[in-house]
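To find a chain, count down the sequence lines: A is the first, B the second, and so on, and within it residues start at 1.
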Amino acid sequence: MHVGHLRSTIIGDALARVLDFLGHRVIRQNHVGDWGTQFGMLAYYAFSLIDPAAHHVFSREEEQMNLSNFSIQDMEKFYIKAKQLYDSNPEFAAKSRQVLVELQSGKSRLPKLLWKEVRDQSLEHCERIYRRMGVLLTRDDVRGESAYNDDLPEVVADLDKVGLLTESQGARGVYLDEFTNKDNERAFVIVQKSDGGYLYATTDLAALRYRAVELKADRILYVTDSRQAQHFAMVFTVARKAGFVSEKVSLEHVPFGMMLGPGRTPFKTREGGTVKLMDLLAEAVTRAHSLVDEKNPDLPDGQKERIAEVVGIGAVKYADLSQNRASDYVFSWDKMLSLEGNTAPYMQYAYARIRSIFRKGESTDYTDYTDSSEIVLDHAAERKLAIKLLQFPETIGAVAAECLPNVLCGYLYELAGAFMGFYENCPVLQAGTDALRASRLALCELTARTIRRGLDLLGIETIERM
RNA sequence: GCGCCCGUAGCUCAGUUGGAUAGAGCAGCGGUCUUCUAAACCGCAGGUCGCAGGUUCGAGUCCUGCCGGGCGCGCCA
């Protein structure tokens, strides 16, 4: 995984958390690309590692080959090498495509075994990143392109059954009056190539039907980059017309802007020169660690490392989530790893400050103050903070309705800002009266709870001190 | 050609059912630690909201046209 995979992973995770929190039954679907050309080349490359001299691929003896020792240390390097060979070596490319054909037809067991091995390694790699980033996806959520392989002929047959299917120049597809092509003619959505192969529109239709019929989803969200907007608009239209999805089911593409490189050039996926996600996370944690050393040198080392991890990872995720997802995202180390201003550490810092008050006040029991206290809002800063606190529910509602995590980020930033103002102006532990002290402690408690909950919904952790 | 997205301060961006003097961060300048964490706070400076019309009591927001940028459009995903 590289930085180009960051957005869909993080945005999808945050939206799933928010919808979950609101009581919806959320079914995560990790639609991994485990069935295309790239997996053919990976599987064949894996094979060539086992036996570099091999010029033939699918003999019986080779099917017996023991694959148990096969392991891939670094899937990213592995892919780059395979890609280089694919581009430079016609023989390798031809064999890769052959592997894919064998794979999809299910004729030979060897490609299947290799494919499975490569896929497992790849998914394990993803899971390591998910765990470090605090993304809730698990292996159970993986339902990739390969899962729909057997449904593809049926999708085409069903389109034919309802009279939508047309043949043109040997390819089969659906004409849509709602869209036009380059020549201003109605669009043609191809579901089966002239050579009999299927395309991603076919897979997406199969997936759509699975989600509507089998999973009984009533709202289906597609978190992908905005370039696929038209593709999904067309696939949704076909699915409706074919009766795969009823009108009651909401189909929503949740598009986000591209990851751009320096100079606003597109970040090429599947090319060399991209920044690895693991490296990005490590760099973020390193930067956070040196900041902890600087700001709070007396903390024990173990605690510093924990803080660096939470702050660094949080900063990376927040940098992405806080921007309106429609905008293109210009990759910048400084911006992504920034720990100043409107960043996760700002909120984490506000939280840590509040927790510090409770430690100093010798009470860590949250419920001590909220239930029995009258809230006093005499100071402007108190009033401002209280109003912000009350806006939390409507904010979450808006985030869920519009699928905009940055709205939650904006809210939390305002909340943390309101607290900072309160903190500067309103002494808590040394408030004039017991009643005022109790009231302010309650405000602190409610703020801490809201910040922690809000960050949690974004997939970002909090720490007790920093 | 058609379609979608975008154009807001020097830079990066908020501003989504139209509502009062358009906000924030960074960068710049100047202040604030004898009191709960200064990873903070306060102040100053900085904008013809791409342009031109229109709707409205009211437009960054809605409509039309234009300029500029990005992306997409029958056998890749």
Assign [X] to base, sugar-phosphate, or nothing according to its heavy-atom contacts below 4.0 angstrom with the strands shown.
X      : result
A/Q169 : base
A/S322 : nothing
A/N184 : sugar-phosphate
A/S194 : base

[atom1] spacing across the pair [N] / [M], given as an integer number of angstrom:
N     : M     : atom1 : value
B/G15 : B/C76 : P     : 38 Å
B/U64 : B/C29 : C1'   : 45 Å
B/A59 : B/C49 : C1'   : 11 Å
B/A45 : B/G23 : C1'   : 16 Å
B/G74 : B/C57 : P     : 47 Å
B/G70 : B/G18 : P     : 32 Å
B/U12 : B/A77 : C1'   : 31 Å
B/C44 : B/C4  : P     : 44 Å

query = Residues in side chain to side chain donor-acceptor pair (under 3.5 Å) with A/Q303, at least two apart?
reply =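 A/Q303 satisfies side chain to side chain donor-acceptor pair (under 3.5 Å) with no other residue.
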Length of the [atom1]-[atom2] vector between [X] and [N], whole Å:
X      : N     : atom1 : atom2 : value
A/L441 : B/C36 : CG    : C1'   : 10 Å
A/F256 : B/C6  : CZ    : P     : 16 Å
A/D195 : B/C75 : CG    : C1'   : 8 Å
A/L176 : B/C2  : CG    : C1'   : 15 Å
A/D328 : B/G69 : CG    : P     : 15 Å
A/L436 : B/C36 : CG    : P     : 18 Å
A/Q228 : B/C73 : CD    : C1'   : 14 Å
A/Y411 : B/G15 : OH    : P     : 17 Å

My understanding is that only residues two or more places apart in sequence, or in another chain, count here; which of them pass ring pair (Phe, Tyr, Trp, His ring centres under 6.0 Å) with [X]?
X      : value
A/Y200 : A/H231
A/H253 : A/F232
A/F21  : none
A/F419 : A/F422, A/Y423

Inter-residue atom distance [X].[atom1] - [Y].[atom2], 0.5 Å rounding:
X      : Y      : atom1 : atom2 : result
A/Y349 : A/R465 : OH    : CZ    : 14.0 Å
A/L164 : A/L176 : CG    : CG    : 8.5 Å
A/E414 : A/K384 : CD    : NZ    : 8.5 Å

ask   = Pairs in or reaching into residues 306-322 of chain A: which pass side-chain hydrogen bond (donor to acceptor under 3.5 Å, both in side chains), with residues at least two apart or in two chains?
value =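 Residue pairs with at least one partner in residues 306-322 of chain A: A/R7-A/D320, A/R132-A/E309, A/R306-A/E461, A/Y318-A/N342.
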task = Only pairs at least two apart or in different chains count here, so list each side-chain hydrogen bond (donor to acceptor under 3.5 Å, both in side chains) that has a residue in residues 281-292 of chain A.
result = A/E283-A/R287, A/R287-A/D334, A/H289-A/D293
message = I'd like to know if A/D120 and A/K116 make a salt bridge, using a cut-off of under 4.0 Å between side-chain N and carboxylate O.
response =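 Result for this pair is yes, salt bridge flagged.
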ask   = Closer to the 5' end of RNA chain B via nearest nucleotide, is it A/S327 or A/V428?
value =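 Nearest-nucleotide comparison on RNA chain B picks A/S327.
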remark   = Between A/Q230 and A/G197, whichever has its closest RNA chain B nucleotide further toward 5' is A/Q230
inquiry  = Is the positively charged end of A/R172 above the ring of A/Y198, judged by distance under 6.0 angstrom from the centroid and angle within 45° of the axis?
reply    =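 Verdict for A/Y198: no cation-pi partner in A/R172.
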message = Does the Lys NZ or Arg CZ of A/R209 fall within the cation-pi geometry relative to A/Y148 - under 6.0 Å from the ring centre and within 45° of the axis?
response = no
query = Which residues satisfy the salt bridge (Lys or Arg N to Asp or Glu O under 4.0 Å) test with A/E382, sequence neighbours excluded?
reply =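 In terms of salt bridge (Lys or Arg N to Asp or Glu O under 4.0 Å), with neighbours along the sequence ignored, A/E382 is linked to A/R440.
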key: Bracket string, RNA chain B, 5' to 3' - pairs by Watson-Crick or G-U geometry under 3.5 Å, | interstrand   = (((((.(..((((.....[...)))).(((((.......))))).....(((((..]....)))))).)))))....
inquiry  = I'd like to know if the side chain of A/D183 and the backbone of A/E185 have a donor-acceptor N/O pair within less than 3.5 Å.
reply    =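 Absent.
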ask   = Can the ring centroids of A/F236 and A/Y222 be said to lie less than 6.0 angstrom from one another?
value = yes
note = Whether each nucleotide of nucleotides 37-44 of chain B has a protein heavy atom under 4.0 Å at its base (B), only at its sugar-phosphate (S) or at neither (-) is summarised, 5' to 3', as BSBSS---
Between [options], which nucleotide has the shortest distance from any of its atoms to the side chain of [X]?
X      : options             : value
A/K182 : B/A77, B/G74, B/A14 : B/G74
A/Y200 : B/C13, B/G70, B/A77 : B/A77
A/T180 : B/C73, B/C13, B/C2  : B/C2

Of residues 382-410 of chain A, the positions that come close to RNA chain B - non-hydrogen atoms, cut-off under 4.0 Å = A/E402, A/L404, A/N406
request  = Mind running a 4.0 Å heavy-atom check of residues 149-163 of chain A against RNA chain B and sending the residues that fall below it, in number order?
outcome  =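 Contacting residues: none.
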key: Anti or syn - B/C33, cut at 90° from 0   = syn
ask   = Looking only at side-chain N and O atoms, does A/T202 come under 4.0 Å of OP1 or OP2 in B/C75?
value =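 Checking A/T202 against B/C75: no side-chain N or O falls below 4.0 Å of OP1 or OP2.
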